[in-house]
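The structure appears below as structure tokens.
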Protein chains: 4
Amino acid sequence: MGKNPTKRLAILNSAEHVFAERGFHEATISDIAAGAKVSDATIYEYFPSKEALLFAIPAEYSLNFQEQNRYVLKYINGQANKLRAIVLRLLELYQDHPEYANVIIMILKTSRKFTETNEYDVIRQSAQLMRKIIEDGMASGEFRSDLNPAIVRSMMLGTIEHLVVRKAILGKPENLVEQADSVVSVLFNGVLEPPEESAIKINLTLQKKTRGQDGQAEIKDSE
Amino acid sequence: MGKNPTKRLAILNSAEHVFAERGFHEATISDIAAGAKVSDATIYEYFPSKEALLFAIPAEYSLNFQEQNRYVLKYINGQANKLRAIVLRLLELYQDHPEYANVIIMILKTSRKFTETNEYDVIRQSAQLMRKIIEDGMASGEFRSDLNPAIVRSMMLGTIEHLVVRKAILGKPENLVEQADSVVSVLFNGVLEPPEESAIKINLTLQKKTRGQDGQAEIKDSE
Amino acid sequence: MGKNPTKRLAILNSAEHVFAERGFHEATISDIAAGAKVSDATIYEYFPSKEALLFAIPAEYSLNFQEQNRYVLKYINGQANKLRAIVLRLLELYQDHPEYANVIIMILKTSRKFTETNEYDVIRQSAQLMRKIIEDGMASGEFRSDLNPAIVRSMMLGTIEHLVVRKAILGKPENLVEQADSVVSVLFNGVLEPPEESAIKINLTLQKKTRGQDGQAEIKDSE
Amino acid sequence: MGKNPTKRLAILNSAEHVFAERGFHEATISDIAAGAKVSDATIYEYFPSKEALLFAIPAEYSLNFQEQNRYVLKYINGQANKLRAIVLRLLELYQDHPEYANVIIMILKTSRKFTETNEYDVIRQSAQLMRKIIEDGMASGEFRSDLNPAIVRSMMLGTIEHLVVRKAILGKPENLVEQADSVVSVLFNGVLEPPEESAIKINLTLQKKTRGQDGQAEIKDSE
DNA sequence: GATGAATGAGGATTCATTCAT
DNA sequence: GATGAATGAATCCTCATTCAT
């Protein structure tokens with residue numbers, strides 16, 4: 001079993017690059033080996049199989065990512081702000097490491113097997129962190145108490161992943177991080193124009209004796 | 001060139017099944033042929049290649065889906081309700097056709113090539129429909145005017161896809177459709193507990209028998 | 001079994017074209033069928049197999065060629081002139097029908113099977129005709145009596161075929177027929193400069209004072 | 001990339017054998033691999049494709065053949081004798097290596113592609129050597145000065161190839177090399193019975209003390 | 001520890017050919 | 001007689017993986 005950590009990292013980096021470029025099946029061990037300037041056989045000194053090599057990629061990243069998250073979150077007050085921070089950090093991560101983004105999304109979407117892996121734990125922990133923040137926010141009254149935390153988390157991750165994939169395929173949102181606040185804004189406040197009704201309804205009620213009516217129809221179906 | 005539409009459909013169905021089960025690369029033409037009770041060679045009478053067969057799958061579905069969407073939406077009033085209907089319809093579609101769900105997500109996430117295909121048009125149109133609804137809602141004042149339609153759409157699709165993938169991989173949300181209103185609720189109103197004060201304050205202010213109305217503007221941007 | 005002779009000929013012509021263009025194995029029945037504006041299946045109404053179709057091509061040609069040869073040769077005097085005529089006729093044939101040339105040479109060189117075919121008879125007869133002319137020429141004293149007729153025939157056919165192949169591959173001798181007399185000249189007289197010394201020189205020396213002239217006739221047709 | 005020259009040679013030999021036996025298209029990589037006692041995949045370690053393997057065969061041979069030719073020819077005096085030596089050497093080569101003969105003829109006749117190959121160079125050089133000898137012979141007066149070198153070469157090669165093919169297909173001339181002198185004899189002197197008239201006849205006739213001169217002009221162009 | 005060389009296993013694709021209509 | 005449709009059979013080639021050195 002190979003022990004040289006530099007070589008191991010070179011292989012992982014090359015793998016990330018090649019997998020991202022061509023996808024898992026189109027990528028060949030030879031490509032990866034060439035990129036890492038080692039022989040094909042050497043790859044097998046460090047990783048037992050092509051698939052294991054793929055699965056090893058997120059571990060490296062996520063561990064780091066996770067730790068820094070914990071570090072950063074300590075200094076942030078309020079669950080909403082924490083959630084916002086996580087959205088930002090994820091978009092940053094994917095923006096700065098588009099090849100890693102491709103790999104992660106390929107893995108998560110393509111490989112059922114991955115979820116049965118130890119390597120998946122890091123991902124799982126990240127998800128649990130988000131869940132905890134949401135639950136804390138619900139408990140503290142910061143978030144609505146009728147939320148389904150799993151759904152909220154899916155919204156966050158799903159949205160981010162969708163944006164990342166769009167970027168990967170269409171190149172469209174040039175800068176992912178800049179989208180963060182749009183995302184957070186909708187996530188926090190929703191898309192609806194807030195119901196201005198209350199005030200106005202009461203007005204109407206109170207203004208008895210006015211003659212002119214107006215605008216009620218619209219007001220009513222403001223839901 | 002094979003022309004029998006029944007056989008063509010049998011092949012497509014079998015392909016959908018096998019692709020969903022094993023993924024594109026692990027699926028073999030022989031498997032698909034066996035599932036459709038035709039010979040391997042017959043597949044090639046109907047589709048020029050394995051990849052083309054994959055790409056042909058969404059076209060069949062989406063066309064139908066699209067049409068029915070248009071039909072249904074005609075009878076729905078308000079853009080918010082329309083958006084909710086689309087969320088529902090998508091979740092229904094993926095719930096009722098989990099194999100199609102797998103294929104669509106495999107394709108969309110995995111294959112850059114697919115986006116350059118004519119078959120991709122149906123997908124594109126669906127996205128444009130959503131965009132239009134969002135824009136209409138913004139114009140009518142139903143939705144906040146500061147929304148980024150592309151982001152909102154990404155949130156919807158991303159969330160739905162994330163849920164679908166979770167279900168495919170973890171089996172977790174037993175019933176996708178039941179999650180629809182949770183999703184819609186967050187999408188519409190956000191996760192934050194609304195600041196309950198306002199209403200009352202306004203009431204107080206307004207109850208003074210004033211004639212002129214004003215201040216709504218401020219209220220509006222209280223979001 | 002198909003009976004329409006026009007259609008049969010169309011198939012043969014298309015086959016000749018396609019075989020010549022792509023070679024036997026690269027040619028497909030579909031190509032040939034398309035060229036003949038019939039369906040693939042129709043080909044099998046007229047010919048039992050792809051190979052049989054190939055073998056059927058020379059028969060058509062050679063029969064014609066053979067007959068005309070016989071007709072022409074009747075009017076030619078002297079075996080040397082007859083041989084020359086055959087060289088010319090072959091070069092003409094291949095020049096005028098380059099696709100047939102390709103096919104014939106592919107067949108003769110590639111297919112051991114062809115020689116066991118009835119269709120090969122036409123070729124065989126042509127070879128025998130040449131052999132007969134050579135033998136007649138040897139008997140009549142026109143040709144050297146120590147020739148090996150098979151070798152001479154191989155020289156003629158081999159040379160011609162070599163030129164034809166060169167033309168097919170390199171395009172080189174623009175006009176094959178123009179080469180005929182060069183070929184014939186070498187075939188008849190060889191490449192060596194004849195030893196001019198002895199006879200004539202001596203003659204000149206010795207002829208001093210003779211009056212009578214003679215022998216020119218023989219000298220002239222020595223060319 | 002395989003580098004073992006022994007194995008490489010084993011593959012080439014097996015390929016030569018199998019190609020000669022079955023022809024290019026009927027030959028399978030599996031057959032060749034079995035003959036060389038390697039796996040199918042190993043073939044591709046040494047040659048990039050089946051076709052490349054075919055094309056690699058003549059290179060091996062021709063190089064050797066060429067070198068030995070040059071060596072032998074050095075010791076031969078006179079262009080006629082050199083030409084004769086080449087005919088002999090070619091017939092020997094094909095006689096001793098009938099499988100190579102088959103392959104070479106298959107390639108030359110079948111594959112237009114081959115002429116665009118680097119491997120074809122060896123063949124081309126061989127042809128140029130012959131051409132040079134012919135031209136030298138013409139210059140030195142050994143050969144007739146009105147020869148077309150390309151035609152003469154085509155006659156030599158064409159004849160030899162024709163004999164080889166006949167042997168391959170009909171098995172007919174048991175011994176090719178024995179035919180060499182028949183071929184050379186015709187090539188050098190042609191098939192025509194030389195006009196014996198001149199010298200002797202004239203001598204006898206002329207000795208009658210005649211004075212008139214005659215016929216010299218015609219005699220000269222009797223060549 | 002690193003690797004050059006060898007290979008087993010596997011799969012998409014092509015086409016000549018058949019046959020019911 | 002003609003053909004559209006279906007298919008059996010066959011093969012090149014790729015690549016992850018192994019292992020002796």
Side-chain angles (χ1 to χ4, degrees), chain A residues 1-4 7-8 11 24-33 36-53, chain B residues 1-4 7-8 11 24-33 36-53, chain C residues 1-4 7-8 11 24-33 36-53, chain D residues 1-4 7-8 11 24-33 36-53:
Chain A
M1 265 300 159
K3 285 278 169 83
N4 183 333
K7 209 163 269 189
R8 188 187 138 89
I11 294 171
F24 180 70
H25 276 98
E26 315 311 333
T28 70
I29 290 289
S30 290
D31 289 337
I32 296 170
K37 307 205 174 171
V38 298
S39 75
D40 289 26
T42 298
I43 302 242
Y44 288 87
E45 291 292 319
Y46 288 85
F47 302 93
S49 74
K50 188 187 177 186
E51 199 177 44
L53 173 54
Chain B
M1 266 297 162
K3 282 272 163 169
N4 184 334
K7 206 163 275 191
R8 188 187 137 89
I11 293 171
F24 179 70
H25 278 97
E26 316 310 334
T28 70
I29 291 289
S30 291
D31 289 337
I32 296 170
K37 307 206 175 171
V38 298
S39 75
D40 289 26
T42 297
I43 303 253
Y44 289 88
E45 290 290 318
Y46 289 85
F47 301 94
S49 73
K50 190 186 175 186
E51 199 178 44
L53 174 53
Chain C
M1 265 300 161
K3 285 279 169 82
N4 184 334
K7 207 163 271 192
R8 187 187 138 88
I11 294 171
F24 180 70
H25 277 97
E26 316 311 333
T28 70
I29 291 288
S30 290
D31 289 337
I32 296 170
K37 308 204 174 174
V38 298
S39 76
D40 289 25
T42 299
I43 302 242
Y44 288 87
E45 291 292 319
Y46 288 86
F47 302 93
S49 73
K50 188 186 177 187
E51 200 177 43
L53 173 54
Chain D
M1 264 299 161
K3 281 272 161 168
N4 185 332
K7 206 163 274 189
R8 187 187 139 90
I11 293 171
F24 179 69
H25 276 98
E26 315 310 334
T28 71
I29 290 290
S30 290
D31 289 337
I32 296 170
K37 307 208 173 167
V38 297
S39 75
D40 289 28
T42 298
I43 303 253
Y44 288 88
E45 289 290 317
Y46 289 86
F47 302 94
S49 73
K50 189 186 175 186
E51 199 178 43
L53 174 53

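A note on names: the letters A, B, ... follow the listed sequences, proteins ahead of strands, and every chain is numbered from 1.
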Sugar-phosphate only, base, or nothing, as touched by Ala52(A) at under 4.0 Å among non-hydrogen atoms: nothing
Exam field: side chain Lys7(C) to backbone Ala36(C), donor-acceptor pair closer than 3.5 Å: no
Minimum side-chain heavy-atom gap Leu53(A)-Tyr46(A) below 4.5 Å: no
Rounded distance (Å) that lies between atom C1' of dC13(F) and atom CD1 of Ile32(D): 13 Å
Nearest to side-chain heavy atoms of Glu45(A), which nucleotide of dA6(E), dA2(E), dA6(F): dA2(E)
Length of the line joining Tyr46(A):OH and dA2(E):P, which is rounded to integer Å: 4 Å
Inter-residue atom distance Lys50(C).NZ - Phe24(C).CZ, 0.5 Å rounding: 4.5 Å
Nearest-nucleotide comparison on DNA chain F, the residue closer to the 5′ end among Ile29(D) and Asp40(A): Ile29(D)
Closest to side chain of Tyr44(B), choosing from dG1(F), dA12(E), dT3(E): dA12(E)
Gap between atoms NZ and P, on Lys37(A) and dT3(E) respectively (whole Å): 13 Å
Whole-Å distance separating the CZ atom of Phe24(C) from the P atom of dT14(E): 19 Å
Separation of dC15(E) P from Leu53(C) CG (nearest whole Å): 16 Å
Sugar-phosphate, base or nothing in reach of Ala27(A), heavy atoms under 4.0 Å: sugar-phosphate
Ile43(C) CD1 to dG1(F) P, straight-line distance once rounded to whole Å: 16 Å
Out of dT17(F), dT7(E), dA2(E), whichever nucleotide has its closest atom nearest the side chain of Ser39(D): dT7(E)
Phosphate contact (dA2(F) OP1 or OP2) by Lys7(C) side-chain N/O below 4.0 Å: yes
Straight-line distance of Ile11(B) CD1 to Glu45(B) CD, nearest 0.5 Å: 9.5 Å
Position toward the 5' end of DNA chain F (nearest nucleotide), Glu26(D) or Thr42(B): Thr42(B)
Nearest-Å distance for atom pair CD/C1', residues Glu51(D) and dT11(F): 16 Å
Interatomic spacing from CD1 in Ile29(D) to OG in Ser39(D) - rounded to 0.5 Å: 11.0 Å
Whole angstrom value for the distance that separates C1' of dG11(E) from NE2 of His25(A): 12 Å
Proximity to the side chain of Ala41(B) - top-ranked nucleotide from dA6(E), dC15(E), dT17(F): dC15(E)
Pair partner, dT21(E) [Watson-Crick or wobble, under 3.5 Å]: dA2(F)
